[in-house]
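Down below is the structure, laid out as structure tokens.
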Amino acid sequence: MAAAILPPVPDTDTAHDRPLRVRFAPSPTGSLHVGGARTALFNWLAARHAGGTFILRLEDTDRERSTPESEAEILRVLQWMGLDWDEGPYRQSERDGIYRECIEKLKAAGAVYAAWETPEELDAMRAEARANKQAPVVRGRRDHSPEEIAAFEAEGRTPVWRFAVPLPGETVIDDVIRGTVTFDHAQIEDFVVARSDGSPTYNLAAAVDDMLMDITEVIRGEDHLSNTPKQMLVIRALGGEPPRYAHVPLILGTDRKRLSKRHGAASVEELEADGFLPQPVRNALVLLGWAYDDKTTTFTMGELIEKFDVSRVSKSPAVFDMKKLEVMSGRYLRSMDEAEFADALVAWLADTGYFDGKAADAPDLARRTAPLVQRKMSRLGEYDRLAGWLYRPLDIEPEALAVLEEDVKTSIQCIGGGLGRIEVLEEFTVDAIKDALSDQLHIQGVTARTFLEPQRIAVTGQTVSTGIYESLALLGRDESVARYRATLGRLAEQWTGGE
RNA sequence: GCCCCCAUCGUCUAGCGGUCCAGGACGCCGCCCUUUCACGGCGGUAGCGCGGGUUCGAAUCCCGCUGGGGGUACCA
């Protein structure tokens, strides 16, 4: 083909000449999914990259499922991700008059027709088509006599309005990501444009909005690919020019099924609750289906704006890997400077209610522990696992106790040895504790792990925690000694009892 | 069933006919560092789904198969 061997063909598409206008159009029927979040990100980046406009539109024509709570949550999450919009949020529920006007125009133009089929009749039609290995496309009867129509009306029936898909014919999408995609009209049913109560359906409202809002490029999930010809048909019937389309591949769970709740944290809200910060979340999402080159794996927002290009987005669906997000998140956390990290940690703990019911100085304690956990966690949600023991009385978790019980005698010797050294320490500092414990370790002639692990468990009750020296220093001598003794007592009991 | 899309290491991907006996990242394995869990450093493991073409030459182009995904509503 000529385009393949010649230099880039000059663009004749008018959409190319206008400043970029993109939109993110979620339906407020739940929290924002990672797939939706990525779509929003892609749109936002495309807009910022081109100096265009990012529009937010809530597609709430389904009154049953749309909720104000969901809408508020979506706006909140978008802001959390750092995605600000230039126009909107528009709500389709507030634009009802516009859609009805357009429906009237379509009626006047003869592009739609009243269809009287009952749900049962439609089911039967589709079932029959399927049985005959035909496409289950619905075409309503348009040849009702005035008498029949009068009879329907007498029954109290009201018709839906279906789009009269031109036959024969085809609609071709020149997709920015997928290239040319052709749909034979024979495969497209006469889709409903106005419900029997006169309200617009998604395909009508979305098409009308994209046209009227002067959207130049629609970037959305691949699940909308088959809706695209319908929307193009509507726009053209209304005398408009369809925008360019870019259908991004879906995000899958590890079982290669479309990502959903059962795959774990599938919404940004959950990611936030798990203690992921916006930067790594953005970075992980943008890399699902897009790469700048063969090496770069982390980007600042500025770099993304500069480098992002929708046409480079992959065609194939990507599996969302939580582990990778965790790694990115951990690296990001470690890259923060100490104060910045401490601020983020304390703020997150406060937001998630971690300090509720705890001592008044808990936030302060958290701040002091920040440097101890910064290098150890991959997300803020791991804080409690690492440092939670500091806020509670000693409570040895079963797993940790099992470690001590493996060799009770040695455990007692190590803990006892450690206790002997720290209780006589004059300066209870990290360095002093480290020196004393290291010395004792030498004297007892066991490996570091054998000696230090029991110390950790004795005071924290956990096998994983903040560093042992730092933990002791933070606890203070009195509390440390008390915990050593408590653990020792518990083991001694077992030792004698077991004999 | 019908329509559409997709196909490089386990996962995310680079690759756009020769520079690729395929590069990076995560995972995994090993070693080192830290006399602690962790972090970090170094090394290794692993892939072009299959079969036909086209071409001097194919991961890259074409066809078929297989596999995966999406759609198939008076939901969006």
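As the structure is a prediction and not an experimental result, all values here were calculated from the model. A note on names: the letters A, B, ... follow the listed sequences, proteins ahead of strands, and every chain is numbered from 1.
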Any strand: nucleotide that pairs with [N] via Watson-Crick or wobble, under 3.5 Å:
{"N": "B:rA25", "value": "B:rU11"}
{"N": "B:rA46", "value": "none"}
{"N": "B:rC61", "value": "B:rG53"}
{"N": "B:rC31", "value": "B:rG41"}

Would you mind reading off the distance between [X] atom [atom1] and [N] atom [atom2], rounded to a whole angstrom?
{"X": "A:His185", "N": "B:rC4", "atom1": "NE2", "atom2": "P", "result": "14 Å"}
{"X": "A:Phe320", "N": "B:rG69", "atom1": "CZ", "atom2": "P", "result": "19 Å"}
{"X": "A:Arg195", "N": "B:rC74", "atom1": "CZ", "atom2": "P", "result": "10 Å"}
{"X": "A:Arg256", "N": "B:rG67", "atom1": "CZ", "atom2": "P", "result": "15 Å"}
{"X": "A:Tyr469", "N": "B:rA38", "atom1": "OH", "atom2": "C1'", "result": "14 Å"}
{"X": "A:Glu453", "N": "B:rA38", "atom1": "CD", "atom2": "C1'", "result": "11 Å"}
{"X": "A:Tyr292", "N": "B:rG24", "atom1": "OH", "atom2": "P", "result": "19 Å"}
{"X": "A:Leu288", "N": "B:rU13", "atom1": "CG", "atom2": "P", "result": "6 Å"}

Practice problem: Determine the contact category for A:Lys324: base if any of its heavy atoms lies under 4.0 Å from a base atom, sugar-phosphate if only primed atoms, P, OP1 or OP2 are that close, otherwise nothing. | Solution: base
Exercise. Pick base, sugar-phosphate or nothing for A:Val327, based on heavy-atom distances below 4.0 Å to the nucleic acid.
Key: sugar-phosphate
Of all the nucleotides listed ([options]), which has the minimum atom distance to the side chain of [X]?
{"X": "A:Arg331", "options": "B:rC75, B:rA25, B:rU72", "value": "B:rA25"}
{"X": "A:Asp321", "options": "B:rU11, B:rU13, B:rG15", "value": "B:rU11"}
{"X": "A:Ala291", "options": "B:rU13, B:rC5, B:rG23", "value": "B:rU13"}
{"X": "A:Asp223", "options": "B:rG70, B:rC74, B:rU36", "value": "B:rG70"}
{"X": "A:Ala135", "options": "B:rC4, B:rC2, B:rA25", "value": "B:rC2"}
{"X": "A:Arg334", "options": "B:rC4, B:rG40, B:rU36", "value": "B:rG40"}
{"X": "A:Val181", "options": "B:rA76, B:rG1, B:rC5", "value": "B:rC5"}

Practice problem: Over all heavy atoms of both residues, which pair between A:Gln413 and A:Gln444 is shortest? Give the atoms and the distance, please. | Solution: O-OE1, 3.4 Å
Self-check item: Pair A:His144-A:Tyr113, side-chain donor/acceptor within less than 3.5 Å
Solution: no
Quiz item: Can A:Ser378 and A:Glu382 be counted as having a side-chain donor-acceptor contact under 3.5 angstrom?
Solution: yes
Which donor-acceptor pairs under 3.5 Å do side chains of residues 280-294 of chain A form with protein atoms, sequence neighbours excluded?
unit_1	atom_1	unit_2	atom_2	d
A:Arg282	NE	A:Met81	O	2.9
A:Asn283	OD1	A:Phe299	N	2.8
A:Asn283	ND2	A:Thr297	O	2.8
A:Asp293	OD1	A:Lys295	N	2.8
A:Asp293	OD1	A:Thr296	N	2.7
A:Asp293	OD1	A:Thr296	OG1	3.0
A:Asp293	OD2	A:Thr296	OG1	2.8

Distance below 4.0 Å between [X] side-chain N/O and [N] OP1 or OP2:
{"X": "A:Thr61", "N": "B:rA76", "answer": "yes"}
{"X": "A:Arg162", "N": "B:rA73", "answer": "no"}
{"X": "A:Lys315", "N": "B:rA7", "answer": "no"}

Quiz item: Expressed in whole Å, how much space separates the P atoms belonging to B:rA46 and B:rG10?
Solution: 10 Å
Quiz prompt | Distance, P atom - from B:rC21 to B:rA59, rounded to whole angstrom | solution = 9 Å
Self-check item: Under-4.0 Å salt bridge between A:Asp174 and A:Arg244
Solution: no
